[in-house]
2 protein chains.
Amino acid sequence: MTDRNRREQILQAARALFREKGYHATTIRDIADEAGMLSGSLYAHIRTKEDLLFEITDEIADQFLDEMKAVAGRSLPPDALLRQGLAAHLRVVSTHLDAASVFMHEWRGLSPDRRRVIQEKRDAYEQMWAGILEAGAAAGVFRREGLRFARLVVLSVANWSYQWLHPGGVLSAEQLADQLAEVLLSGLLVPPADRADGTA
Amino acid sequence: MTDRNRREQILQAARALFREKGYHATTIRDIADEAGMLSGSLYAHIRTKEDLLFEITDEIADQFLDEMKAVAGRSLPPDALLRQGLAAHLRVVSTHLDAASVFMHEWRGLSPDRRRVIQEKRDAYEQMWAGILEAGAAAGVFRREGLRFARLVVLSVANWSYQWLHPGGVLSAEQLADQLAEVLLSGLLVPPADRADGTA
DNA sequence: CCTACCGATCGGTAGG
DNA sequence: CCTACCGATCGGTAGG
């Protein structure tokens with residue numbers, strides 16, 4: 001097995017363990033065990049435990065950014081961008097559930113410097129969402145009032161998804177995104193004109 | 001100072017530290033420091049570190065449940081229940097931000113038995129939300145299709161709020177709830193009939 | 001990648 | 001609530 005493969009194996013073990021037990025509750029011996037070696041041997045492949053955490057979070061942050069950049073670059077109506085942005089997010093989460101959970105949960109374990117790197121990528125990601133919503137409002141498709149709160153709602157749905165998403169589910173990320181986008185776009189209320197009792 | 005007060009002081013230190021650094025990264029010495037004593041002395045007041053975590057999470061779980069029970073007991077239109085449920089949730093989070101963050105983040109540190117206790121309360125809480133949405137659909141006020149996803153969206157907004165809510169903010173929990181409920185109820189889209197360009 | 005180990009720190013206790 | 005401490009375990013290293 002190549003060094004690169006071995007390292008990826010270690011990373012994979014760390015992702016699963018950091019997600020399951022948390023970064024601080026996971027020991028270097030847990031990771032070595034899972035990778036089939038002794039704890040001392042791990043240091044032929046890594047420098048520190050924190051390096052593993054950084055590599056995991058930085059890599060998935062880039063994936064979120066790359067996917068969202070691809071979506072934002074399409075010239076599509078705002079509601080289609082919302083659907084596709086949500087689908088992209090859910091796709092990344094469901095195909096990298098361990099890493100996504102670690103990204104959302106364990107960044108506090110990073111040193112201040114590295115935490116800042118991750119925070120900047122997170123900010124950039126949120127700004128791309130803000131851009132999609134702003135463009136929708138500019139086009140007259142999304143409501144202007146409450147746009148700030150709309151952003152909060154969309155980001156909540158995206159950021160919370162790692163908590164309930166199961167990669168083995170019946171619905172695909174795209175199908176889930178469509179359903180969630182429908183709720184976000186149209187709201188919970190039955191339009192007054194359609195109500196059975198005729199109230200408006 | 002009474003024993004009860006001293007204990008509450010210790011709990012308060014633990015809440016803040018568990019939120020800031022996480023349960024496993026917080027040492028018994030950190031907590032003792034913050035409470036103004038030595039680590040050994042802490043054990044005159046507590047049995048184990050995990051007891052602190054359980055007490056913190058169990059107490060805030062009860063607060064969420066109590067507040068939501070009070071809301072669900074009111075006979076009000078479904079949309080008003082949604083607003084008030086959201087307001088109740090945000091009020092608990094903003095007045096107990098440390099505990100709410102620990103509740104959302106640190107339950108993995110609990111033993112299986114105690115984790116189950118917390119999980120059950122969390123399930124009960126989610127069921128109360130499901131009840132509010134179901135009643136709204138039964139009354140013909142909320143859309144039937146996608147109700148499952150509407151629940152997911154509402155819970156995402158509620159459960160993610162500890163990440164952005166600042167107790168010192170300009171808007172009250174009630175004002176924030178009103179704005180968020182507006183987005184949830186009416187959606188992001190400008191109604192077709194109202195569009196500037198007349199498209200529908 | 002293993003053997004053998006290190007200093008530091010952990011949660012917790014005994015005796016006062 | 002302090003002094004003084006315990007065994008266990010932590011992340012990491014030296015030498016092969």
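Chain identifiers are assigned alphabetically (A, B, ...) following the order of the sequence lines, protein sequences preceding nucleic acid strands; residue numbering begins at 1 within each chain.
- Geometrically, K69(B) does not engage Y125(B) in a cation-pi contact, judged by NZ or CZ lying under 6.0 Å from the ring centre and within 45° of the ring axis.
- Residue G36(A) is the one, among G36(A) and T48(B), whose nearest nucleotide of DNA chain C lies closer to the 5' end (criterion: closest heavy atom).
- Comparing dG12(C), dC1(D), dC1(C) against the side chain of M37(B) picks out dC1(D) as the nearest.
- OP1 or OP2 of dC1(C) sits under 4.0 Å from a side-chain N or O of H45(A).
- The side chain of T27(B) lies closest to dC10(C), out of dC1(D), dC10(C), dT3(D).
- In this structure, Y43(A) places its OH atom 16 Å from C1' of dT3(C), rounding to the nearest Å.
- As a whole-Å value, the separation of L38(B) CG from dT13(C) C1' is 15 Å.
- The interatomic distance linking N5(A) (CG) with dC1(C) (P) rounds to 12 Å, in whole Å.
- Taking a pair as Watson-Crick or G-U with both hydrogen-bonding distances under 3.5 Å, the stems of three or more pairs touching DNA chain C are C:1-16 with D:1-16.
- Residues L11(A) and E55(A) form a side-chain contact, since some pair of their non-hydrogen atoms from C-beta on lies under 4.5 Å apart.
- The CG atom of L42(A) sits 12 Å away from the P atom of dT13(D) (whole-angstrom rounding).
- Proximity of a side-chain donor or acceptor of S156(A) to a complementary backbone N or O of L152(A) within less than 3.5 Å is detected.
- Listed nucleotides dG12(D), dC1(C), dT3(C) differ in distance to I28(A); the shortest reach to its side chain belongs to dG12(D).
- Of the possible donor and acceptor atoms, one in the side chain of R7(A) sits under 3.5 Å from a partner among the backbone N and O of H45(A).
- Remark: the backbone N or O of E50(A) is paired with a side-chain donor or acceptor of Y23(A) at under 3.5 angstrom.
- In this entry the distance linking CD1 of I46(A) with C1' of dC1(C) reads 14 Å, nearest Å.
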Under 3.5 Å donor-acceptor pairs involving side-chain atoms of residues 180-188 of chain A, not counting sequence neighbours:
{"from": "E182(A)", "atom 1": "OE2", "to": "S186(A)", "atom 2": "OG", "distance (Å)": "3.0"}

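- Rounded to whole angstrom, the span from the CZ atom of R29(A) across to the P atom of dC6(C) amounts to 14 Å.
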